Visitor: 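Below is a structure I'd like to ask you about.
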Amino acid sequence: MIQKFEDLNDMHLDVLTEIGNIGSSNASTALSSMIGRTINIKLPQVMTLDFQDAIEHCGAPEDLRAAVLIRLKDEVEGMILLMVTKELAEIILNIFFQKTDIDILNLDEGDISALSEIGNIMGSCYINAISALAGLKIGVEAPVFTADMLGAIMSVPVIEFGEVGDKLLCIDKSIEIDGVCIKSNMMLIPTVDSLSMLFSRLGIV
Amino acid sequence: MTKPSLNVGISDWKVNKGEGSIVTYALGSCVGICLWDKASLIGGLSHIMLPDSKSVAPGAAMNRMKFADTAIPDMLTKMLTMGAIKSRVTAKIAGGAQMFQTSNEKFNIGDRNVAAVKDALRLLQIPIVASDTGLNFGRTVFFYTEDGKMEVKSSTKGVKIL
């Protein structure tokens, strides 16, 4: 029984890597078909990190990101956080609206809807894969959007998990478009209870 | 030569005396609290994440620097041992934003953090002389202990000196 993130052993981490792999492959396929570009993902990283390290893993605290956050509910609780750099936002908005040289702090409503929808579709595909694999009912809430310093964005999952501990479990992958690595993160951040549930459904103690 | 800034992480606090500065980067819904004694030039910057340590199960290990109600008194005690005088200490606070605009109350933690910081300061009878809190953007705080200046930097609103 997993009671805290430190209890995870190598087998658990392998299983989570595979779950991240399946989930993020689905999400990337969705993104690829929406924007018509070749997307590769690297093998996801599964990490149990202190809060400060979780932020630094994603970049410098003041780096700017556009972020879509989706809360998970029902049998798995937690969140999916997609943080995209100006570079990736530009690729997406160029394809949708032929925009160039965007300012991610001054996006218009159309831009925000497009990025939120991308986050929503990728998040849902990710979750559907896990849901099917483990036979769990996982609901998603409507996506919420912001663009700001990444440290400030990360304060949201960190505070929520801070109520119960000092660590965050992130299943993270980086995105490669047409062979170019784009520094963006798509993270699955489950609660400890949800992890226990997931492992028990998969028959892992 | 100027002293390098002391860096305060999330759930952390640091103190300094006289020349130099303390910085904490990218506060979102967290709150940064600057305490300062203008006569001794002793000051501290605390970066709290959550309102109340009483949410932790009794007996469980906890990081006192994480909560408004434990971090602020602890940092003040440290300043007093360095020679600060409590009746002279004033506070400036920043942060406590709601990063995602939604009616879902789970995202309102910024407001609760600011309220808890104000409560903790009221209990200690420390007046708040400046604040830049709430709204929906992240803030970096530089605090200069030689003159008590708090510099709040955001990506959209530029730099504000308080």
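Residue numbers start from 1 in every chain, and the chains themselves are labelled A, B, ... in the order their sequence lines are given, proteins ahead of strands. Source: prediction; values computed, not measured.
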Visitor: Looking only at the side chains, is there a donor atom on one of A/Thr146 and B/Gln101 sitting less than 3.5 Å from an acceptor on the other?
Guide: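 No, no side-chain donor-acceptor pair sits under 3.5 Å.
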
Visitor: So which atom in A/Pro61 and which in B/Tyr25 form the shortest heavy-atom distance, rounded to 0.1 Å?
Guide: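 A/Pro61 and B/Tyr25 have their closest heavy atoms at CB-CB, 3.8 Å.
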
Visitor: Using non-hydrogen atoms only, which part of A/Ile159 is less than 4.5 Å away from chain B: side chain, backbone, both, or neither?
Guide: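 For A/Ile159, heavy atoms of backbone and side chain both lie under 4.5 Å from chain B.
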
Visitor: Could you give the distance from CD (A/Glu62) to OG (B/Ser154), rounded to the nearest 0.5 Å?
Guide: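 Nearest 0.5 Å value for the CD-OG distance: 10.5 Å.
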
Visitor: To the nearest 0.5 Å, how far apart are CG in A/Asn106 and OG in B/Ser155?
Guide: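 So the gap between those two atoms works out to 11.0 Å.
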
Visitor: Among the options B/Leu50, B/Thr102, B/Asp52, B/Leu27, pick out the one with the most heavy-atom pairs lying under 4.5 Å from chain A.
Guide: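 With the most close heavy-atom pairs to chain A, the winner is B/Leu50.
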
Visitor: Find the distance between NZ (B/Lys66) and CZ (A/Phe51) and round it off to the nearest 0.5 Å.
Guide: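 Interatomic distance, B/Lys66 NZ to A/Phe51 CZ, rounded to 0.5 Å: 5.5 Å.
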
Visitor: Can you give me the closest heavy-atom contact between B/Ile10 and A/Gln52, atom names plus distance?
Guide: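 That would be N-OE1, 2.7 Å.
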
Visitor: With rounding to the nearest 0.5 Å, note down the distance linking CE in B/Met62 to CG in A/Asp166.
Guide: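 Taking CE in B/Met62 and CG in A/Asp166, the distance rounds to 11.0 Å.
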
Visitor: Write down the atom of A/Met149, the atom of B/Lys153, and the distance for their closest heavy-atom approach.
Guide: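 Scanning both residues, the minimum pair turns out to be CE-O, 3.7 Å.
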
Visitor: Of all the heavy-atom pairs spanning B/Gly138 and A/Asp148, show the shortest one and how long it is.
Guide: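 Between these two residues, the closest heavy atoms are N-OD2, 2.9 Å.
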
Visitor: Heavy-atom cut-off 4.5 Å, strictly under: side chain, backbone, both or neither for A/Val156 against chain B?
Guide: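 Just the side chain, heavy atoms under 4.5 Å.
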
Visitor: Taking CD in A/Glu6 as the centre, count heavy atoms belonging to other residues, nucleotides or ligands within less than 6.0 Å. Is the count above 12?
Guide: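 Counting neighbours around CD of A/Glu6, more than 12 heavy atoms of other residues, nucleotides or ligands fall under 6.0 Å, so yes.
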
Visitor: Does B/Lys78 have more than 12 heavy atoms from other residues, nucleotides or ligands lying within 6.0 Å of its NZ?
Guide: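 Open.
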
Visitor: Within a radius of less than 6.0 Å around NZ of A/Lys86, do more than 12 heavy atoms belonging to other residues, nucleotides or ligands occur?
Guide: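 More than 12 heavy atoms, drawn from other residues, nucleotides or ligands, come within 6.0 Å of this atom.
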
Visitor: Are more than 12 heavy atoms, taken from residues, nucleotides or ligands other than A/Asn9, located less than 6.0 Å from that residue's CG atom?
Guide: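 More than 12 within 6.0 Å, yes.
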
Visitor: Might you point out which heavy atoms bring A/Ser155 and B/Gly28 nearest each other, and give the distance in Å?
Guide: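 It is OG-CA, 3.4 Å.
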
Visitor: Do other residues, nucleotides or ligands put more than 12 heavy atoms under 6.0 Å from B/Lys38 NZ?
Guide: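 At most 12 heavy atoms, drawn from other residues, nucleotides or ligands, come within 6.0 Å of this atom.
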
